[in-house]
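These figures come from a predicted structure and were not determined experimentally. Chain identifiers are assigned alphabetically (A, B, ...) following the order of the sequence lines, protein sequences preceding nucleic acid strands; residue numbering begins at 1 within each chain.
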Number of protein chains: 4
Amino acid sequence: MRHKNNEKSRKIIAAATKIFAKKGFYKAKISEIAKEAGIADGTIYIYFKHKDDILIALFEEKMKEVLGNMKKQISLESDPFAKIERFAYFHLKLIEDNKDMAEIIQVELRQSSKFMKNYQNKKFAQYLDLIGDIIQEGKEKGLISQDIIPGIAKRAFFGALDEMSRFWVLSKRRKYDIETAARQISSYFINGMKN
Amino acid sequence: MRHKNNEKSRKIIAAATKIFAKKGFYKAKISEIAKEAGIADGTIYIYFKHKDDILIALFEEKMKEVLGNMKKQISLESDPFAKIERFAYFHLKLIEDNKDMAEIIQVELRQSSKFMKNYQNKKFAQYLDLIGDIIQEGKEKGLISQDIIPGIAKRAFFGALDEMSRFWVLSKRRKYDIETAARQISSYFINGMKN
Amino acid sequence: MRHKNNEKSRKIIAAATKIFAKKGFYKAKISEIAKEAGIADGTIYIYFKHKDDILIALFEEKMKEVLGNMKKQISLESDPFAKIERFAYFHLKLIEDNKDMAEIIQVELRQSSKFMKNYQNKKFAQYLDLIGDIIQEGKEKGLISQDIIPGIAKRAFFGALDEMSRFWVLSKRRKYDIETAARQISSYFINGMKN
Amino acid sequence: MRHKNNEKSRKIIAAATKIFAKKGFYKAKISEIAKEAGIADGTIYIYFKHKDDILIALFEEKMKEVLGNMKKQISLESDPFAKIERFAYFHLKLIEDNKDMAEIIQVELRQSSKFMKNYQNKKFAQYLDLIGDIIQEGKEKGLISQDIIPGIAKRAFFGALDEMSRFWVLSKRRKYDIETAARQISSYFINGMKN
DNA sequence: GATGAATGAGGGTTCATTCAT
DNA sequence: GATGAATGAACCCTCATTCAT
């Protein structure tokens, strides 16, 4: 469905990000998104076959960007523990800098399994694997205990950060600063998984 | 709105739990819930003013039960670390035993801020505080480092468990058993927060 | 349908009069009428088969009373012109004293032909005929011109009074007093039909 | 709400006129009106926000037309009494030629104060004032007695004509011809108000 | 007779999607 | 490709009426 004219496609996704974040997927109207994007309702259907597809494309695009950025950040450190701390900080920073996107991922990602039966959220799996790989590396380097199961630990760590950011997204004010929260949360896991 | 006849009220909530879990709130039809409950569509409106109210009541009821159970479980242990491990185990057990409820809380709770503007999820806050109180107790007993911020740690711990159970709820098969996951996750936090 | 227990029947009609006047027939709910009457919803259906029947019974009862009163008033005068003036005065007085009833007759009587296919409004015809008979008497006594067609004049006179009272019923304040309006309107007709 | 496409707007009003007249406002279904207009249900909501709005627009449009026609007719006469007679004739003629519209105004206008709380029926007031102005003119020219109160007389005259036409609209056959009725009714008022 | 919880048909309204221009 | 008026299926909710107690 995606045509060559990526500019308009991106404009639609940008508008949808704003509207989905404000109203939620189900309450967001195509006409609102079109208006926000400065185009006609029908034009959206030239670029996306269904309303669902906008959300999927939105995920893909945002996650691709997020994934790329995080990979770059992690590669700047060589120590697995430093990588974990950096991951925590940039994950929370990302949320801070992209409230709308964050809110959608927080809220609508959960629903994805419902209305997008066949949508395999590969990008999200890859994001989780960034953490899994760090842990694996830590185990291989003897820094992390062999008892640690990366498949559990990566989810636990992501969940910890995610819940923290959910709290921030939904409450309007931020109680703890990003550095503090990142350091706290990464310290639980670093100390908790240490050999 | 709730009448004396709690039996029917509970029957509706039970039906709604099943349908909301299967379809999600927005795709769930009142007529389906009514059919599942074995009553007429209109009967639902004797007990609930709006579709939204069913979800709110559902939250309240489930959370009340969950909260009560968890309080009891925690009180069976005196050591804060044992409490944490027990919390982890029973939280995951709860999810396992109440897949439908879990899925709704996982998925729809996120949306609550969207369609229930004025719904303050007090019960959830209390649930989080169960963890916060254990951590506080641990700090007071000198078992947990003074550096630990309970407001962050309680969310991190809940988030870790929550993401784990989300994984289980959405994927149909369970990769790790409950005991293992509970022990892993609680160990990260126990070791991570230890003095 | 009407049972012996006229007391309850009248209580229902009294309540319906109030509610129909306030909301109109279609927006009035049976449950509201029942509440106003201090009885259960279902009880109404012991006395009336349908919602429509309450309105019909209401008409019948009110019109019977109105008809009786007006007959008595007219009989107090012997001069046709005096009868006309008295009719005008008491018609307007009646409206004044029975705002609710008046509003229903004003508003709902018009709709009667729609939802009460088989309801022949005999009492209203008799009320009109009170005027018609006076005019006929006036013609016979040589007071009223032979050109006057009672079938037209009775409706014109009733309509004149009716429009005046409609104005009063719908606007909350009364601009002209009853005596003035009655004297004005009857004078148009008396002078207008005079031989 | 009203778009540029007045053609469709008028088509909807025409269909609504027919359906409202046949069934009454409350029993008329949007789907029926849409079918009668040869459009989809939803299309109606492009032009009118609510069912009520169709009725309001219908009034406005019809009254505007009626008002314009009557103004023209009256201006053709210079003598106030001739104006009154012409008013009577054309009012009744109008009813005759627009049975559906008449029935709606007769029946539904009465309900207007109920469901259109804030709708001020200005056009109707202007219509009444056409009569009021004639009477005022008659008084100024010394043709009509100074005792006559235009505010009462205009309503009485309109009411007389209105009741007559109501009779015609509701009974299917016409007992008296228009000319006769118009001449009778106007003569009551002309002779009745004469100086 | 009285109750009021339960019923379920019915209808106004929304909005994703289409398609003629 | 872009438009936006038109479509019509879908669904929440109301409320007159019923009937077991």
Side-chain angles (χ1 to χ4, degrees), chain A residues 3-5 7-9 25-35 37-54, chain B residues 3-5 7-9 12 26-35 37-54, chain C residues 3-5 7-9 25-35 37-54, chain D residues 3-5 7-9 12 26-35 37-54:
Chain A
H3 286 217
K4 301 113 206 179
N5 190 343
E7 204 219 319
K8 203 154 279 180
S9 183
F25 178 76
Y26 282 103
K27 291 206 165 175
K29 292 181 229 161
I30 288 290
S31 60
E32 265 182 305
I33 295 171
K35 200 180 171 188
I39 57 173
D41 293 20
T43 307
I44 288 182
Y45 287 85
I46 297 169
Y47 297 89
F48 301 93
K49 216 169 169 46
H50 304 287
K51 192 185 176 190
D52 289 5
D53 294 335
I54 304 175
Chain B
H3 285 214
K4 300 111 206 178
N5 190 343
E7 206 219 315
K8 200 151 285 179
S9 185
I12 293 167
Y26 283 103
K27 290 210 164 173
K29 286 177 254 168
I30 288 290
S31 60
E32 261 183 307
I33 296 172
K35 199 177 171 187
I39 57 173
D41 292 20
T43 307
I44 288 181
Y45 288 88
I46 298 172
Y47 296 89
F48 302 94
K49 223 170 166 38
H50 304 288
K51 194 185 173 191
D52 287 6
D53 293 336
I54 304 175
Chain C
H3 287 219
K4 300 112 206 178
N5 190 343
E7 204 220 317
K8 202 153 281 181
S9 185
F25 178 77
Y26 281 103
K27 292 207 165 174
K29 291 179 229 165
I30 288 290
S31 60
E32 263 182 306
I33 295 171
K35 198 179 171 187
I39 57 173
D41 294 20
T43 307
I44 288 181
Y45 287 86
I46 297 170
Y47 296 90
F48 301 94
K49 217 170 169 42
H50 304 286
K51 194 185 175 189
D52 289 4
D53 293 335
I54 304 175
Chain D
H3 284 216
K4 300 110 208 179
N5 190 344
E7 206 220 316
K8 200 149 285 177
S9 186
I12 293 167
Y26 283 104
K27 291 210 165 173
K29 286 177 251 166
I30 288 289
S31 60
E32 262 182 308
I33 295 171
K35 199 178 171 186
I39 57 174
D41 293 21
T43 306
I44 288 181
Y45 288 86
I46 298 173
Y47 296 90
F48 302 94
K49 222 169 168 40
H50 304 288
K51 195 184 174 191
D52 287 6
D53 294 335
I54 304 175

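Distance A:F48 CZ to E:dT18 C1': 18 Å, rounded to the nearest Å. For the pair A:D53 CG and E:dA16 C1', the interatomic distance rounds to 12 Å; values are reported in whole Å. In this structure, D:Y26 atom OH and F:dA16 atom C1' are separated by 16 Å, rounded to whole Å. One can place NZ of D:K27 at 13 Å from C1' of E:dG10, the figure rounded to the nearest angstrom. Spacing between atom CD1 of C:I46 and atom C1' of E:dG4 amounts to 12 Å, rounded to whole angstrom units. What separates NZ of B:K35 from P of E:dT7 is a distance of 15 Å, to the nearest Å. For the pair B:E7 CD and E:dA5 P, the interatomic distance rounds to 15 Å; values are reported in whole Å.
In this structure, B:I44 reaches neither bases nor backbone, as no heavy-atom distance under 4.0 Å exists between it and the strands shown. Counting non-hydrogen atoms under 4.0 angstrom, D:A34 reaches nothing in the nucleic acid. Here B:I30 lies in heavy-atom contact (under 4.0 Å) with sugar-phosphate atoms only.
Of all heavy-atom pairs between B:Y26 and B:K51, the closest is O-NZ, 3.6 Å. Summarising the geometry of B:I30 relative to B:I54, their closest heavy-atom pair is CD1-CD1, 4.0 Å, with the distance given to 0.1 Å.
When the nearest nucleotides of DNA chain F are assigned to D:A40 and C:H50 by heavy-atom distance, the more 5′-ward of the two goes with D:A40. Annotation: of the two residues near DNA chain F, B:K51 and D:D41, the 5′-most nearest-nucleotide partner is D:D41. Nearest-nucleotide positions on DNA chain E for D:K29 and C:G38 put C:G38 closer to the 5' end.
Of the side-chain N and O atoms in D:K8, one or more sit less than 4.0 angstrom from OP1 or OP2 of F:dA6. When the side-chain nitrogen and oxygen atoms of D:Y47 are compared with OP1 and OP2 of F:dA6, one or more of them lie within a distance under 4.0 Å.
The CD1 atom of B:I44 sits 12.0 Å away from atom CG of B:D53, with the distance rounded to the nearest 0.5 Å. Taking CD1 of D:I39 as the start and OH of D:Y47 as the end, the distance is 8.0 Å to the nearest 0.5 Å.
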Set out, line by line, the N/O atom pairs under 3.5 Å between protein and nucleotides 19-21 of chain F.
none

Exercise. Using Watson-Crick and G-U wobble pairs whose two distances are both under 3.5 Å, how do you write the pairing of DNA chain F as dot-bracket, with | for links to another strand?
Worked result: .||||||||||||||||||||
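C:K29 pairs by the side chain to side chain contact (heavy atoms under 4.5 Å, CB included) definition with C:S31, C:E32, not counting sequence neighbours.
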